[in-house]
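These notes concern the structure reproduced below.
Each chain gets a letter, A, B and so on, in the order the sequences are listed, and its residues count up from 1.
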Protein chains: 2
Amino acid sequence: MGDRLAKDRLFDAFASVAKVLGSGRRAEIVDVLAQGERAVDEIAGEIGQGIANTSQHLQQLLRAGMVCTRREGTRIYYRLSGPAVERLWVAVRQVASEHVAELDELAASYFGDRAAMDTLTRAELSKRMAAGDVVVLDVRPEPEFRSGHIPGAVSVPIRDLAGRLKDLPHGRTIVAYCRGQYCVFADEAVRMLRQLGMPAARLEEGYPEWAAARLPVESGAPRAAAGRV
Amino acid sequence: MGDRLAKDRLFDAFASVAKVLGSGRRAEIVDVLAQGERAVDEIAGEIGQGIANTSQHLQQLLRAGMVCTRREGTRIYYRLSGPAVERLWVAVRQVASEHVAELDELAASYFGDRAAMDTLTRAELSKRMAAGDVVVLDVRPEPEFRSGHIPGAVSVPIRDLAGRLKDLPHGRTIVAYCRGQYCVFADEAVRMLRQLGMPAARLEEGYPEWAAARLPVESGAPRAAAGRV
DNA sequence: GTGGTATTCAAGTATTCACTTGAATACCAC
DNA sequence: GTGGTATTCAAGTGAATACTTGAATACCAC
């Protein structure tokens with residue numbers, strides 16, 4: 001049919017989209033941006049790379065149409081360009097978690113014994129929030145909390161948790177959440193709290209899934225003296 | 001937090017899934033396998049590559065857990081390993097068609113003037129099939145027809161269409177379908193039929209979407225003397 | 001066992017890619 | 001205008017990748 005070249009180029013175009021996600025660092029960027037928009041230096045910090053390198057990764061994501069930008073003074077904020085990109089990222093994680101054996105090992109060795117740790121589904125958390133017998137703890141970095149969080153949640157970034165443990169209320173179960181199933185922040189928080197004998201559990205998924213499920217969200221800065229709930 | 005290494009490896013594992021789709025040839029393989037299982041030499045033929053190269057691409061898909069194999073004598077049949085992989089492939093195509101500008105040009109320059117061509121949705125086709133005023137034409141290669149097709153469809157692979165035009169019934173509109181939105185077979189068939197003054201249109205999507213929508217399907221060899229409907 | 005076929009493995013080459021470094025650009029404050 | 005900051009661009013290096021070629025393996029028919 002004489003179509004070899006055009007056909008190849010068509011599928012190369014499809015593949016170019018997947019190829020952009022085929023780098024761990026860019027995948028990490030997409031995962032960060034799934035939480036909300038970020039400036040370049042913030043992204044560089046979160047993924048632990050230099051600014052120039054981060055910028056080039058962002059250019060690639062931009063060229064593939066997966067992110068868009070917004071300028072504000074000297075800063076340029078990046079965000080995912082639409083829900084199709086989020087669906088793609090979820091699809092990648094699903095295939096990976098179903099089929100990549102290494103993931104289970106990685107998750108087990110690094111996340112700790114997830115199975116032995118209490119987890120709550122979104123529905124369970126909603127119910128217990130309504131009953132008022134839990135404290136919801138957002139352990140993501142604060143900018144992510146600002147751009148959206150579960151209503152009533154307290155923001156204590158995992159980095160600060162050790163120093164602010166005594167501010168947390170006793171008596172009620174603390175439910176920590178973070179970026180999602182494959183983020184370790186909530187796991188670390190639960191481990192830390194349990195070592196101190198405090199009842200703690202993690203939300204099975206993270207904020208992106210919560211928001212995607214159209215459950216109520218809230219945005220803005222944490223309340224002053226965030227320690228008191 | 002001292003997690004740099006493990007975190008990087010985790011996201012590398014996610015990225016490894018996307019990376020496998022990041023080659024036009026492997027994307028083509030996934031697209032072919034979305035139609036049903038195939039032996040290595042069949043795949044090599046469809047994507048226009050050597051057998052050794054095709055085999056190595058298949059090994060990569062296998063290592064990523066995206067395909068599985070079944071042995072039958074000397075032949076080894078590959079198939080997609082599950083619905084998550086199909087969802088991933090659809091997600092890639094969606095992001096590509098939304099965001100990669102080049103795709104529109106490629107589609108326009110190669111597919112011809114799709115907009116000027118009548119297309120039917122699945123619902124429209126179902127209705128007209130019930131009314132009995134259309135002939136449904138499957139222009140995919142015959143093995144794909146055998147592994148599943150729209151009930152009542154006639155199999156005339158695009159390669160054979162030119163030689164079998166006179167066998168097709170006149171009077172009723174011919175609706176051609178193929179592998180999907182980005183497959184050219186149906187477009188070529190419609191162009192060919194219209195040049196002969198026959199009323200023709202294409203199904204907007206392809207067989208995979210039809211089957212995924214749980215519309216009725218049929219499988220088996222084409223009826224003898226497939227020309228008569 | 002032998003011969004034939006389908007598939008995989010292994011080595012070689014040209015290309016592509018990630019990250020680093022250092023310089024250039026674009027904006028704001030003054 | 002100058003100085004400072006955020007971002008992008010460009011060049012260089014070491015590693016990874018796609019495709020080719022030729023050989024090895026695994027199965028079947030006999």
Side-chain angles (χ1 to χ4, degrees), chain A residues 4-5 7-9 11-30 32-33 37-64 66-79 143, chain B residues 4-5 7-9 11-30 32-33 37-64 66-79 143:
Chain A
R4 186 52 52 206
L5 259 173
K7 190 183 180 191
D8 282 5
R9 279 170 51 216
F11 279 92
D12 284 345
F14 286 136
S16 70
V17 168
K19 189 183 246 171
V20 171
L21 270 182
S23 139
R25 254 27 66 212
R26 283 194 294 272
E28 224 169 323
I29 290 176
V30 170
V32 168
L33 293 185
E37 65 172 16
R38 296 276 186 289
V40 178
D41 62 333
E42 293 172 337
I43 299 169
E46 297 233 34
I47 70 172
Q49 296 289 319
I51 301 243
N53 193 23
T54 304
S55 172
Q56 302 191 52
H57 281 308
L58 286 168
Q59 303 289 318
Q60 289 196 51
L61 288 164
L62 194 60
R63 243 176 282 132
M66 300 181 66
V67 300
C68 10
T69 61
R70 177 178 70 82
R71 178 147 221 156
E72 193 177 307
T74 79
R75 306 192 114 193
I76 294 177
Y77 287 87
Y78 282 83
R79 65 177 185 281
Chain B
R4 185 56 50 204
L5 259 172
K7 190 183 179 192
D8 282 3
R9 278 171 50 216
F11 279 92
D12 284 345
F14 286 136
S16 71
V17 168
K19 189 183 246 170
V20 172
L21 272 182
S23 138
R25 253 28 65 211
R26 283 194 295 271
E28 223 169 325
I29 290 177
V30 170
V32 167
L33 293 184
E37 66 173 15
R38 295 277 186 289
V40 179
D41 62 333
E42 293 172 338
I43 299 169
E46 297 233 35
I47 70 172
Q49 296 288 318
I51 301 237
N53 193 22
T54 303
S55 172
Q56 302 189 51
H57 280 308
L58 287 167
Q59 302 291 318
Q60 289 196 50
L61 287 163
L62 195 60
R63 244 176 281 131
M66 299 181 66
V67 300
C68 12
T69 61
R70 176 177 70 83
R71 177 148 222 157
E72 193 177 307
T74 79
R75 307 192 111 194
I76 295 177
Y77 287 87
Y78 282 82
R79 65 176 185 281

Check the distance between dT8(C)'s C1' and Leu61(B)'s CG and give it to me in whole angstrom. 15 Å

For dT8(D), does either OP1 or OP2 sit under 4.0 Å from a side-chain N or O belonging to Tyr78(A)? yes

Dot-bracket assigned to DNA chain D with the 3.5 Å Watson-Crick/G-U criterion, [ ] for crossing and | for other-strand pairs, is ||||||||||||||||||||||||||||||

Here the gap from Phe11(B) atom CZ to Leu21(A) atom CG, rounded to the nearest 0.5 Å, amounts to 11.5 Å

Looking at CD1 of Ile76(A) and CG of Asp41(A), how far apart are the two atoms once the value is rounded to the nearest 0.5 Å? 11.0 Å

Rounded off to whole Å, could you give me the CG-to-P distance for the Asp12(B) and dC17(C) pair? 17 Å

Nearest-Å distance, CZ (Arg63(B)) to C1' (dT17(D))? 12 Å

Gap between atoms CG and P, on Leu21(A) and dA18(C) respectively (whole Å): 12 Å

Run Gln56(A) and Gln49(A) through side-chain contact (heavy atoms from CB on, under 4.5 Å) and show every step you take. CA-CA 11 Å; Gln56(A) 302 191 52; Gln49(A) 296 289 319; over 6 Å; no

I need the single residue from Val32(B), Thr54(B), Val67(B) that forms a side chain to side chain contact (heavy atoms under 4.5 Å, CB included) with Tyr78(B). Which is it? Val67(B)

Whole-Å distance separating the CG atom of Leu58(B) from the C1' atom of dT8(C): 11 Å

Hey, does Tyr77(B) reach any base, or is it just sugar-phosphate, or nothing, if we go heavy atoms under 4.0 Å? nothing

Of the nucleotides dT7(D), dA18(D), dT8(C), which has the atom closest to the Ile76(A) side chain? dT7(D)

Quick one, Asp12(B) and Arg25(A) - any side-chain contact, counting heavy atoms below 4.5 Å? yes

In whole angstrom, what separates Arg70(A)'s CZ from dA6(D)'s C1'? 14 Å

So, taking the atom named CD in Glu37(A) and the one named SG in Cys68(A), what distance separates them when rounded to the nearest 0.5 Å? 9.5 Å

CG on Asp8(A) to CD on Glu28(B), rounded to 0.5 Å: 5.5 Å

Pick the closest DNA chain C nucleotide for His57(A) and for Leu62(B) by heavy atoms, then say which residue is nearer the 5' end. Leu62(B)

Expected string for nucleotides 23-30 of chain D under the B/S/- scheme (protein heavy atoms, under 4.0 Å, primed atoms plus P, OP1, OP2 as sugar-phosphate) is ---SBS--

Taking for each residue the nucleotide of DNA chain D with the nearest heavy atom, is it Arg75(A) or Ala52(A) whose nucleotide lies nearer the 5' end? Arg75(A)

From the candidates dT17(D), dT8(D), dA18(D), the one with an atom nearest any side-chain atom of Ile51(A) is dT8(D)

Can you find an N or O donor on one side and an acceptor on the other, under 3.5 Å apart, linking the side chain of Gln49(B) with the base of dT20(D)? no

Establish, with yes or no, whether the OP1 or OP2 oxygen of dC17(C) is under 4.0 angstrom from a side-chain nitrogen or oxygen of Lys19(B). no

First locate atom CG of Leu58(A), then atom CZ of Arg38(A), and finally report the distance between them rounded to the nearest 0.5 Å. 12.5 Å

Rounded to whole Å, please give me the gap between CZ in Arg38(A) and P in dA6(D). 17 Å

Winner on side-chain proximity to Ser23(A), out of dT8(D), dT8(C), dA18(C), is dA18(C)

Give the rounded distance in Å between these two atoms: CD of Glu28(B) and P of dA18(D). 15 Å

Within the structure shown, what part of the strands sits under 4.0 Å from Asn53(A) by heavy-atom distance: base, sugar-phosphate, or nothing? base

Working to the nearest 0.5 angstrom, can you tell me the gap between Ser23(B) OG and Ile29(B) CD1? 7.5 Å

Does the side chain of Val30(A) reach to within under 4.5 Å of the side chain of Val20(A), using non-hydrogen atoms? no

With a 4.0 Å cut-off on heavy atoms, is Glu42(B) in touch with a base, just the backbone sugar-phosphate, or nothing at all? nothing

Check whether the side chain of Gln56(B) and the base of dT20(D) form a donor-acceptor pair under 3.5 Å. yes

